[in-house]
2 protein chains.
Amino acid sequence: MLQDGPLRFGELRRTVGAISERMLILQLRELQTAGLVHREVYQQVPPKVEYSLTAFGRSLNDAMAPLGTWGEDNLERIEAIPFE
Amino acid sequence: MLQDGPLRFGELRRTVGAISERMLILQLRELQTAGLVHREVYQQVPPKVEYSLTAFGRSLNDAMAPLGTWGEDNLERIEAIPFE
DNA sequence: CAGTATCCGCGATGATACTG
DNA sequence: CAGTATCATCGCGGATACTG
């Protein structure tokens with residue numbers, strides 16, 4: 001599970017790991033449009049932008065938590081599934 | 001939410017709705033390989049095949065239930081999200 | 001640092017026809 | 001009824017280069 005505090009773009013990138021810069025941006029824009037993520041721009045140099053969940057985003061995060069737990073509980077079995 | 005009893009291929013197709021025959025088969029085979037779905041073949045004419053969840057499948061279904069509830073609870077807001 | 005812009009391949013999916 | 005087989009398309013996402 002990811003931390004819940006606001007994260008800067010670079011932090012997010014490192015935290016998520018296996019995602020290209022392009023896709024991370026596209027996803028963030030989409031989540032923002034959907035009202036799940038809030039984007040806060042700080043007018044300064046160097047640029048600083050923080051992303052955080054909205055209340056709506058947190059509600060979805062909560063709803064997905066059991067699925068995350070299931071994934072952890074069944075990691076071995078899941079990883080044993082062959083690629084078709 | 002879908003019913004949980006065994007369903008025949010045609011029933012599944014009608015129940016799910018917007019899915020091509022091809023994709024339904026591919027998805028079912030994949031779910032079967034993953035151990036989430038059980039496929040029971042009845043040797044008779046006309047052919048009869050029933051699909052049902054395994055215990056593993058039910059556990060995933062349970063883990064996804066809260067997400068389903070969230071979706072229902074937020075249907076209006078979700079449908080208001082514009083296509084990008 | 002936090003993005004944009006552009007090009008491009010390839011796999012996912014649809015459409016259609018056929019079968020035991 | 002319950003699939004399979006084949007072909008064509010299309011847009012997702014990777015790679016790379018550039019910018020305020």
Side-chain angles (χ1 to χ4, degrees), chain A residues 1-54 56-58 60-61 64 67-68 71 78-84, chain B residues 1-54 56-58 60-61 64 67-68 71 78-84:
Chain A
M1 290 294 131
L2 294 175
Q3 210 176 326
D4 49 354
L7 286 178
R8 303 186 57 177
F9 184 76
E11 296 172 327
L12 213 38
R13 198 164 143 49
R14 283 185 296 277
T15 305
V16 175
I19 189 169
S20 68
E21 202 161 279
R22 180 176 178 274
M23 286 315 295
L24 181 55
I25 285 285
L26 290 180
Q27 292 299 322
L28 284 171
R29 294 279 183 269
E30 195 173 338
L31 291 167
Q32 197 185 340
T33 300
L36 291 162
V37 159
H38 174 69
R39 178 172 182 269
E40 183 81 27
V41 181
Y42 296 83
Q43 283 300 350
Q44 58 187 50
V45 180
K48 174 178 173 180
V49 177
E50 281 187 346
Y51 293 91
S52 56
L53 291 179
T54 61
F56 189 44
R58 283 192 295 277
L60 176 55
N61 190 57
M64 290 179 25
L67 187 55
I78 293 170
E79 289 179 337
I81 298 173
F83 294 83
E84 12 269 300
Chain B
M1 290 295 130
L2 294 175
Q3 207 177 327
D4 50 354
L7 287 178
R8 304 186 56 177
F9 184 75
E11 296 172 327
L12 214 38
R13 197 165 143 50
R14 282 185 296 277
T15 305
V16 175
I19 189 171
S20 68
E21 202 161 278
R22 180 175 178 275
M23 286 315 295
L24 181 55
I25 284 286
L26 290 180
Q27 292 299 324
L28 284 171
R29 294 280 183 268
E30 196 172 338
L31 291 167
Q32 196 186 342
T33 299
L36 291 162
V37 158
H38 174 68
R39 179 172 181 269
E40 183 82 25
V41 181
Y42 296 83
Q43 283 300 347
Q44 57 186 54
V45 180
K48 175 178 173 182
V49 178
E50 281 188 347
Y51 293 90
S52 56
L53 291 179
T54 61
F56 189 43
R58 284 192 296 275
L60 175 55
N61 190 57
M64 290 180 24
L67 186 56
I78 293 170
E79 289 180 337
I81 299 172
F83 294 82
E84 11 269 299

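Labels below follow one simple rule: chain letters A, B, ... track the order of the sequence lines, proteins then strands, and each chain is numbered from 1. Just so you know, these numbers come straight off a predicted model, no measurement behind them.
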Rounded distance (Å) that lies between atom P of C:dG3 and atom CD of A:Q43 | 12 Å
Are the side chains of B:V37 and B:T54 in touch, meaning some heavy atoms are under 4.5 Å apart?
-> no
Let me know the distance between CZ of A:R22 and P of C:dG3, rounded to the nearest Å.
-> 15 Å
When rounded to whole Å, the CE to P distance for the pair B:M23 and D:dG3 reads 15 Å
Nucleotide nearest B:Y51 (side chain, heavy atoms from C-beta), chosen from C:dT13, D:dG3, C:dG20 = D:dG3
With a 4.5 Å heavy-atom cut-off, do A:R29 and A:R39 have their side chains touching?
-> yes
Rounded to whole Å, CD1 of B:I25 lies from C1' of D:dG3 at a distance of 5 Å
For B:L7 and D:dA2, what is the distance between atoms CG and P respectively, to the nearest whole Å?
-> 11 Å
Distance below 4.0 Å between A:R29 side-chain N/O and C:dG3 OP1 or OP2 = yes
With a 4.5 Å heavy-atom cut-off, do A:Y51 and A:E11 have their side chains touching?
-> no
Inter-residue atom distance A:E21.CD - A:L12.CG, 0.5 Å rounding = 11.5 Å
Within the pair B:R39 and D:dG3, is there a side-chain N or O less than 4.0 Å away from OP1 or OP2?
-> yes
For A:L26 and D:dC12, give me the distance from atom CG to atom C1', rounded to whole Å.
-> 10 Å
Taking a pair to mean Watson-Crick or G-U wobble geometry with both distances below 3.5 Å, D:dG11 pairs with C:dC10
Just name whichever nucleotide pairs with C:dG20, Watson-Crick or G-U, keeping both distances under 3.5 Å, else none.
-> D:dC1
Ranking C:dG3, D:dC1, D:dG14 by distance to the side chain of A:F9, first place goes to C:dG3
Specify the separation, in whole Å, of atom CD of B:E21 and atom C1' of C:dA15.
-> 12 Å
A:R13 side chain vs A:I19 backbone, donor-acceptor pair below 3.5 Å = yes
Can you tell me if the side-chain N/O atoms of B:S20 get under 4.0 Å from OP1 or OP2 in C:dG14?
-> yes
For B:Y42 and D:dC1, give me the distance from atom OH to atom P, rounded to whole Å.
-> 17 Å
Regarding the side chain of A:V49, the nearest nucleotide among C:dA2, D:dG14, C:dG14 is C:dA2
